[in-house]
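Positions are given from 1, in the same order as the sequence printed here.
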Amino acid sequence: MAEEEPKHHHSLFHHNKEENQGPVDHKKEEKHHKHLEHLSEGAAAAGGVYALHEKHKEKKDPEHAHKHKIEEEVLGTAAVGAGGLAFHEKHKRKEDKKEQKAEGKHHHLF
């Protein structure tokens with residue numbers, strides 16, 4: 001029998017990806033968090049608007065009111081989750097900015 005090459009396990013998650021990569025580019029990190037924050041704000045707004053649309057359809061279409069009510073609740077929940085992500089990204093951006101300032105300062109005793 002010929003020797004088989006060991007199979008590599010490809011995971012979706014790379015837990016050790018960020019370890020030992022050297023210095024952190026704070027500008028890039030801040031830009032990344034700001035971008036994700038804006039995307040999640042847009043998603044929250046879109047989810048909220050669509051939830052209101054479903055609420056309107058619920059009133060106008062009594063035959064399928066239950067379906068519209070469920071869709072409204074799901075979209076409302078998604079909007080709240082996107083808002084939470086926006087809040088999280090804003091916090092990470094501020095944290096990264098604070099870390100950047102801390103690295104740039106040198107403490108002089110005299």
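- The distance from atom CD of Glu29 to atom NZ of Lys34, rounded to the nearest 0.5 Å, is 15.0 Å.
- When all heavy atoms are compared, the tightest approach of Ala51 to Leu75 is CB-CB, 3.9 Å.
- The side-chain heavy atoms of His68 and Glu72, taken from C-beta on, include no pair separated by under 4.5 Å.
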Would you give me the side-chain donor-acceptor pairs under 3.5 Å for residues 78-91, sequence neighbours excluded?
| from | atom 1 | to | atom 2 | distance (Å) |
| --- | --- | --- | --- | --- |
| Glu89 | OE1 | His33 | ND1 | 2.6 |

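- Annotation: side chain of His66 is in contact with side chain of Ile70 (closest heavy-atom distance under 4.5 Å).
- Residues that satisfy the ring pair (Phe, Tyr, Trp, His ring centres under 6.0 Å) test with His53, not counting sequence neighbours, are Tyr50.
- The structure places NE2 of His32 at 12.0 Å from CD of Glu37, a figure rounded to the nearest 0.5 Å.
- The CG atom of Asp61 lies 6.0 Å from the CD atom of Glu63; values are rounded to the nearest 0.5 Å.
- If you take CD on Glu73 and CD on Glu54, they are separated by 11.5 Å, rounding to the nearest 0.5 Å.
- Summarising the geometry, atom NZ belonging to Lys94 is positioned 11.5 Å from atom CD belonging to Glu30; distances are rounded to the nearest 0.5 Å.
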